[in-house]
Amino acid sequence: MSGTVLVVNSGSSSIKYQLLDPDSGDVVASGLLERIGEPSGHLRHTVDGEKHERDLPQVDHTAGLSAVLAAFDELGPALADAGIRAVGHRVVQGGAEFSGPVALDDDAVSRIDALSPLAPLHNPGNVAGIRVARELLPDVPHVAVFDTAFFADLPEAAATYALEKETAKKYAIKRYGAHGTSHQFVSDAVSTMLGRDDLRQIVLHLGNGASASAVVGGRAVDTSMGLTPLEGLVMGTRTGDMDPAVVFHLRRVGGLGVDEIDDLLNKRSGLKGLTGHNDMREVRELAGAGDADARLALDVYGHRLRKYVGSYAAVMGGLDAVTFTAGVGENDALIRAEVLAPLGFLGIELDDAANTARSSEPRVISAPGSAVTVLVVPTNEELAIARHTIEVSGA
Ligand code: AMP
């Protein structure tokens with residue numbers, strides 16, 4: 001084995017991790033620690049295809065990550081034998097400071113922490129995980145890989161809000177995007193699959209969070225997430241695009257506080273807000289049983305997606321490839337068909353059999369004569385983070 005990278009995605013209430021070989025992509029072990037800060041925590045550690053579950057007493061990030069490292073020693077692979085070359089940390093917001101992955105020292109951690117006001121729901125949890133991991137694993141390099149980095153050089157026309165410019169500058173308000181590690185990984189894979197580096201492509205990352213990107217010749221020229229991951233597509237629990245005046249209305253007429261509105265728009269809206277369920281499988285099941293709210297939610301979801309595909313084709317002055325990725329994008333053939341069926345005028349023609357065939361491999365699902373190639377490419381953010389981590393740390 002060429003050694004491994006431990007990839008850590010530390011959120012406010014959970015720590016997701018994967019130990020993998022950055023060359024082959026083989027996953028040695030993975031897991032999820034949940035319910036940080038709640039009365040009891042829960043850890044799931046998977047090794048050799050076997051899941052081990054355990055309840056924990058109340059944990060903070062330090063106790064949580066200590067429990068994860070203890071699980072390695074107890075359930076395998078023991079840390080001393082795991083060949084860990086480096087630790088890669090997912091960080092949501094890199095602001096204007098970080099346009100690529102960075103080796104972590106105390107100064108870099110402070111600078112990431114200082115960006116927390118731009119991503120109050122994400123960066124504090126990321127930073128807490130980084131601090132603890134550097135303490136508990138002090139002998140290997142740690143690297144931060146930013147969700148925003150792939151979009152750091154968006155054209156100004158795409159990155160700028162038409163907000164009074166002094167105010168925007170003072171508060172660093174612009175479109176930073178997110179999910180960039182996935183959009184870069186998938187668009188690179190499409191380029192390789194189609195053997196072209198001049199593609200005008202759209203990547204639709206449809207998971208619990210969802211975002212679209214327009215990529216020309218490997219460079220992102222637009223993306224749907226903005227200052228925060230709230231903008232853009234309809235998501236599991238987020239509204240996506242909405243008139244900002246809804247916020248004033250909720251404040252003035254509804255009397256809601258800012259934190260309440262933040263919670264409403266980020267955690268209680270989207271598919272969940274429309275149907276009570278954030279999981280697309282449950283929404284589909286309800287719609288299949290004739291539930292009108294679920295049908296409307298699917299229509300809103302598909303309508304928004306189709307608008308983005310059309311607008312990005314216009315932004316790029318043409319379109320060569322559309323790719324679906326992440327939980328919904330990789331698995332829900334109906335959404336793919338519903339979104340793209342009316343877009344024959346753009347040269348998009350799906351192959352129904354290819355679209356509905358079950359596979360976990362990257363694949364083309366457009367008809368042979370389709371002017372635009374449509375693909376499904378499973379994303380692998382952990383592998384992308386592991387590879388960036390090795391590149392930057394030289395470990
Ligand atoms: P991710 O954030 O990429 O892990 O994706 C999570 C989302 O993928 C959840 O909303 C799941 O409902 C959705 N998902 C997973 N499998 C399927 C499936 N077979 N059909 C529709 N959605 C799915």
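Basis for what follows: all heavy atoms, side chains included, without hydrogens, waters or symmetry-related copies. Remember, it's 1-based here, ligands and their atoms both numbered in the order they're listed. Just so it is clear, the structure is predicted and the values come from calculations on it, not from any experiment.
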Task: Stepwise side-chain contact (heavy atoms from CB on, under 4.5 Å) check, I202 with M316 - done: CA-CA 10 Å; I202 295 174; M316 295 188 289; 3.6 Å; yes

Task: Residue pair E330 / T325, side-chain donor-acceptor N/O under 3.5 Å - done: yes

Open item on the list: Determine whether a donor-acceptor pair (N or O, by modelled atom type, separation under 3.5 Å) exists between the side chain of N355 and the backbone of A333.
Closed with: yes

Task: For H277, the option from E285, K272, R284, E282 that meets side-chain hydrogen bond (donor to acceptor under 3.5 Å, both in side chains) - done: E282

- [ ] Please state whether the rings of F146 and F98 are parallel, tilted or perpendicular, taking 30° and 60° as the class boundaries.
- [x] parallel

Open item on the list: Can you list every protein residue that has a heavy atom under 4.0 Å from any atom of ligand 1, sorted by chain and residue number?
Closed with: G207, N208, N278, D279, M280, R281, A326, G327, V328, N331, D332

- [ ] Can you spot which of N278, D263, T237 makes a side-chain hydrogen bond (donor to acceptor under 3.5 Å, both in side chains) with R268?
- [x] D263

